[in-house]
Amino acid sequence: MRSSVYFYPTLKETPQEAHVASHRLMLRAGMIAQVTSGIYTWLPLGLRVLKKVENIIREEQDRAGSLEVLMPTIQPAELWEKSGRYHDYGKEMLRIQDRHEREMLYGPTAEEVITDIFARFIKSYRDLPKRLYNIQWKFRDEIRPRFGIMRGREFLMKDNYSFDLTPEGARASYQAMLEAYVKTFARMDVTAIPVRAATGPIGGDLSHEFQILAETGESEIFYDPAYETLDVNSVTLDRLQSLYAASDELHDPENCPVPLETLKTARGIEVGHVFYFGTKYSIPLGAYVMGPDGKQVPVEMGSYGIGVSRVVAALIEAHHDKAGIKWPESVAPFKMGLLNLNVKNSACVACCDDFYHKLLQADVEVLYDDRDLGSGAKFADMDLIGLPWQVIVGPRSAEAGMCELKNRRTGERIELSLEDALNRIKQ
RNA sequence: CGGGGUGUAGCGCAGCCUGGUAGCGCGCCUGGUUUGGGUCCAGGAUGUCGGGGGUUCAAAUCCUCUCACCCCGACCA
């Protein structure tokens, strides 16, 4: 993609409303634009990241044996009356009426819809277990939206629902999801700590939150310091679960296995939340199957959320410096930036154009800064939007068939031939 | 919802106290210049001063109502 035809309106100055790094940088990098309180447009650059995060989550859900569906954003109040949550949910639920004055709502979650689908089509224990998920926009009319996309009112969420014949089966599903979550976050280069959590309005008796450590996190968690030295790429669920971690509500200093002197406390960003809630929805919504003994039994359910859009913000909180974002390669909007430092120099242009086409042929996602701007502006923009690699070509280096390769994460820069740069990037 | 704050050009702000022709920086447009860390020079465009009502000869400025947004608290992916 050529910068000259792309659309990423970067800002030199920080918009006044942005107080946390991710919000500030998403606005400055031209990833998002606020439409109204807690509601944003995703601009091309931001959307590319959102899609990559979404796809990693999707791949791991699929790999864990889940099936993707797409449920609507708008749901009828009826279903929620059946589960009893229509009146319990409170003002967070955006209630609307259609032209026939029928009560509708913009879904804050989808237990009712999916359980209803299950109840209508799945009748036998032989069809279990089943895990159905969707990645869809949700709306919760937050009392106070803040921190940009981090606590927006509209947000993209992956929500998975497991259906099992027995509580043991449901717990196996629960473990499978925890496992998928660990892999998912590892692919995005962050450790998300599974923290024992309160179950809240979803209900149930077993729940974990996945927290990414960041100063701007909204919840306080207590955890074993060993979490800080885990290797993101080789960590296992067993290892994660063997260590102590609890939210402030559930933290019990009396029975904490970690000595008080070493116990750490920090802020966490909740990027995922999993629940096992048994038959809370299957009974009222009629999700029963015929068991092997010929008796109808309500299915055992769990639900498993990841805040897809929030993950984007959380990744920035975890990966940035003063100059801008430092994307993990797996979610970067482009793998590399190609900087032509002088678009009036024909040798430099020829050299960059040629390199650009070779990258395209090699299927390397590249943002080619071919704009007629000072070099300083190009460096600043590229650092801001945080592509993992930069290839910098000026008239002098072009003349010699050389370029500079910069690693945004480490700041390391090396001079090498364009050919060598191409080979390194292809890997 | 309670408490606090802000609305003036695309962005960041000054002007308001003490009423009198709406300003600065960045960005944008034109021309030139520069080209390895947000170049420099010249010229130019852009405003229902958030909105309604009021006071006044005269309102960005004073009064009043209202809307939006932001921050602090209780809820959540």
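Residue numbers start from 1 in every chain, and the chains themselves are labelled A, B, ... in the order their sequence lines are given, proteins ahead of strands.
- Both geometric conditions, a ring-centre gap below 5.5 Å and a plane tilt below 30°, are fulfilled for F155(A) over the base of rA77(B).
- In this structure, G307(A) reaches the bases: a heavy-atom distance under 4.0 Å links it to at least one base atom across the strands shown.
- Distances shorter than 4.0 Å separate some side-chain N or O of S37(A) from OP1 or OP2 on rC70(B).
- A salt bridge between D381(A) and R28(A) is absent, with no side-chain N of the basic residue lying under 4.0 Å from a carboxylate O of the acidic one.
- Residue R144(A) has a polar side-chain atom (N or O) positioned under 4.0 Å from OP1 or OP2 of rC72(B).
- Side-chain N or O atoms of S66(A) include one that pairs as donor or acceptor with a backbone N or O of Q61(A) at under 3.5 Å.
- One atom, NZ of K138(A), and another, C1' of rC76(B), lie 14 Å apart when rounded to the nearest Å.
- Distance check on atom P: rU6(B) versus rG53(B) gives 25 Å, rounded to whole Å.
- Using a 4.0 Å cut-off, some side-chain N or O of Q34(A) falls inside it from OP1 or OP2 of rC70(B).
- A gap of 9 Å separates the C1' atoms of rU46(B) and rC28(B), to the nearest Å.
- With a cut-off of 3.5 Å on both Watson-Crick or G-U wobble distances, the partner of rG7(B) is given as rC67(B).
- The C1' atoms of rU34(B) and rC40(B) are separated by 7 Å, rounded to the nearest whole Å.
- Of the candidates rA74(B), rG36(B), rG12(B), rG36(B) carries the atom nearest the L341(A) side chain, counting heavy atoms from C-beta on.
- Using a 4.0 Å heavy-atom criterion, one finds that G305(A) contacts no nucleic acid atom at all.
- Nucleic acid contact for R28(A): base, since at least one base atom lies under 4.0 Å from a heavy atom of the residue.
- Across the interface with RNA chain B, nearest-nucleotide mapping of I306(A) and Q390(A) shows Q390(A) to be the residue nearer the 5′ end.
- Contacts of G148(A) with the nucleic acid, taken as non-hydrogen atoms under 4.0 Å apart, are absent.
- When distances are taken from the side chain of K344(A) to each of rU35(B), rC76(B), rA77(B), the shortest belongs to rU35(B).
- Residue S397(A) places none of its side-chain N or O atoms closer than 4.0 Å to OP1 or OP2 of rG36(B).
- The separation between Y161(A) atom OH and rA77(B) atom C1' is 11 Å, rounded to whole Å.
- Here rC75(B) presents its C1' atom at 13 Å from CG of D248(A), a figure rounded to the nearest Å.
- In this structure, L373(A) places its CG atom 10 Å from P of rG27(B), rounding to the nearest Å.
- One atom, CD of Q16(A), and another, P of rG10(B), lie 15 Å apart when rounded to the nearest Å.
- Nucleotide rC75(B) holds its P atom 8 Å from the CD1 atom of I143(A), rounded to whole Å.
- Spacing between atom NE2 of H208(A) and atom P of rA77(B) amounts to 15 Å, rounded to whole angstrom units.
- The pairing partner recorded for rU48(B) is none, the criterion being a Watson-Crick or G-U wobble arrangement whose two distances lie under 3.5 angstrom.
- The C1' atoms of rU56(B) and rG3(B) are separated by 36 Å, rounded to the nearest whole Å.
- Both distances falling under 3.5 Å, in either a Watson-Crick or a G-U wobble arrangement, occur for no nucleotide opposite rU55(B).
- Contact annotation: side chain of R140(A) to base of rC75(B), donor-acceptor pair absent below 3.5 Å.
- Nucleic acid contact for D381(A): base, since at least one base atom lies under 4.0 Å from a heavy atom of the residue.
- Of the P atoms belonging to rC11(B) and rU48(B), the separation is 12 Å, rounded to the nearest Å.
- At a threshold of 4.0 Å, the pair R187(A)-E59(A) counts as salt-bridged, since one of the basic side-chain nitrogens sits closer than that to a carboxylate oxygen.
- Comparing rU61(B) with rG25(B), their P atoms sit 25 Å apart, to the nearest whole Å.
- To the nearest whole angstrom, the two P atoms, one in rG50(B) and one in rG10(B), are 13 Å apart.
- Contact annotation: R146(A) reaches the phosphate of rG73(B) (side-chain N/O to OP1 or OP2, under 4.0 Å).
- At a cut-off of 3.5 angstrom, the base of rG38(B) holds no donor-acceptor pair with the side chain of E13(A).
- Candidate nucleotides rG38(B), rU35(B), rA77(B) were compared by shortest atom distance to the side chain of H273(A), and rA77(B) ranks first.
- Within 4.0 Å (heavy atoms only), D383(A) reaches at least one base atom of the nucleic acid.
- Nucleotides rA59(B) and rA22(B) place their P atoms 12 Å apart, quoted to the nearest Å.
- rC1(B) is paired with rG73(B) under the Watson-Crick or G-U wobble criterion, all donor-acceptor distances under 3.5 Å.
- Interatomic distance, CZ of R424(A) versus CH2 of W389(A), reported as 6.0 Å (0.5 Å rounding).
- Salt-bridge formation is not detected for the pair R267(A)/E218(A): no Lys NZ or Arg NE/NH1/NH2 atom is positioned less than 4.0 Å from an Asp or Glu carboxylate oxygen.
- Across all strands shown, the partner of rC13(B) is rG23(B), judged by Watson-Crick or G-U wobble contacts whose two distances both fall under 3.5 Å.
- Using a 4.0 Å heavy-atom distance criterion, M150(A) is classed as a base contact.
- Map E209(A) and A323(A) each onto its nearest nucleotide of RNA chain B; the residue landing nearer the 5' end is A323(A).
- The distance from atom CZ of F379(A) to atom P of rG38(B) is 10 Å, rounded to the nearest whole Å.
- Of the charged side-chain nitrogens involved, none lies within less than 4.0 Å of a carboxylate oxygen, so that R196(A) and D252(A) do not count as a salt-bridged pair.
- Note on I392(A): a base of the nucleic acid sits closer than 4.0 angstrom, heavy atoms only.
- Salt bridge K378(A)/D370(A): absent, no basic N to carboxylate O contact under 4.0 Å.
- Here M157(A) contributes atom CE and F139(A) contributes atom CZ; the two are 15.0 Å apart, rounded to the nearest 0.5 Å.
- A cation-pi arrangement is absent between R131(A) and F163(A) under the rule of less than 6.0 angstrom and at most 45 degrees off the ring axis.
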